[in-house]
Amino acid sequence: MRKRIVAGNWKMNKTPSEAVAFAKDLIEGGVLAGGETDVVFCVPAVDIAVVADAVKETGISVGAQNVHFKPSGAYTGELSADMLLEAGATYAIIGHSERRQYFNETNETVNLRLVAALESGLIPIVCVGERIEQRKQGITIELVRSQVKIAFKGISGDDAAKTIIAYEPIWAIGTGLTATPEQAQDACCSIRNVINELYGADVAETIRIQYGGSVTADNAAELFNMPDIDGGLVGGASLNSSFIKICS
Ligand code: PGA
């Protein structure tokens, strides 16, 4: 059985002191109460070190929200996988739709970042998902399949099995328009099928696939109980105490 994984994407929220206080509130509130779910806080880069310290020995992991594909060099403003690891991150979100939309991320740069993260030992959370026009056109599955195929170009089966994929329909992110459990399951199942085509059944059965897009304490259980959904990537609801309920 795949262990469920819930990651909070804090986006551009919380200064270091606010982040530490909030992480402590979540721990005291029992965010790990079930013990059956991996919990990750994907925090702004400047919060990684202090939040990693605050969650030390709890079993909670810290993630970055992006990672550059070069190990070092003249890339002003970027952060390498080794920098993030040493700061205390063990996960990194890659290809979030906000990065694709506002910062020109493409399937190709997602692939480069995925390769770099895996080479350094960061666990990637690779985001894919369609826009509303694409869903209306009936090309969701085709689109998500090609996003996955390009992202995983050159990645070995062993590395693919360690990776997390987050299916995040763009129309559901931050809008309150959650995908229905059936819509989310269909897309996550099609992602597992592509992984099966690329790497075979063992990797397909091992890889964990999250749903993201307006996950709340009220809809999480139904979504996460679908057969191909192994947890969630949570934005807005990761910034308040409802995240505790989502994890439990
Ligand atoms: P949301 O964001 O939960 O606020 O819709 C999800 C995400 O962007 O990962």
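Read the numbers this way: they start at 1 and go in the same order the structure lists the ligands and their atoms. Source: prediction; values computed, not measured. Numbering of residues begins at 1 and proceeds along the displayed sequence.
- The nearest heavy-atom contact from the protein to atom 4 (O) of ligand 1 is Gly236 N, 2.8 Å.
- Applying the 4.0 Å criterion to heavy atoms of His96 picks out, from ligand 1, the atoms 7 (C), 8 (O), 9 (O).
- One option in Gly235, Pro169, Ser238, Gly212 has a heavy atom closer to atom 6 (C) of ligand 1 than any other, and that option is Gly235.
- By the criterion of a heavy-atom distance under 4.0 Å, the side chain of Asn9, and not its backbone, is placed next to ligand 1.
- Taking every non-hydrogen atom of Gly213 and a distance limit under 4.0 Å, the qualifying atoms of ligand 1 come out as 5 (O).
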Walk me through it: do Asp25 and Ser241 pass the test side chain to side chain contact (heavy atoms under 4.5 Å, CB included)?
CA-CA 8 Å; Asp25 285 349; Ser241 61; over 6 Å; no

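- Thr109 and Glu105 share a donor-acceptor pair across their side chains, judged by distance under 3.5 Å alone.
- Taking only nitrogen or oxygen atoms, main chain and side chain alike, Gly174 reaches within less than 3.5 Å of ligand 1.
- Each of the following atoms of ligand 1 lies closer than 4.0 Å to a heavy atom of Ala172: 5 (O).
- No more than 12 heavy atoms of other residues, nucleotides or ligands shown are found within 6.0 angstrom of CG on Asp202.
- Atom 9 (O) of ligand 1 has Glu168 OE2, 2.7 Å as its closest protein atom, hydrogens excluded (heavy atom only).
- In the hydrophobic clustering of this structure, Ile164 does not group with Leu112; members are Ile, Leu, Val, Met, Phe, Trp, Tyr whose side-chain heavy atoms approach within less than 4.5 Å, directly or through other members.
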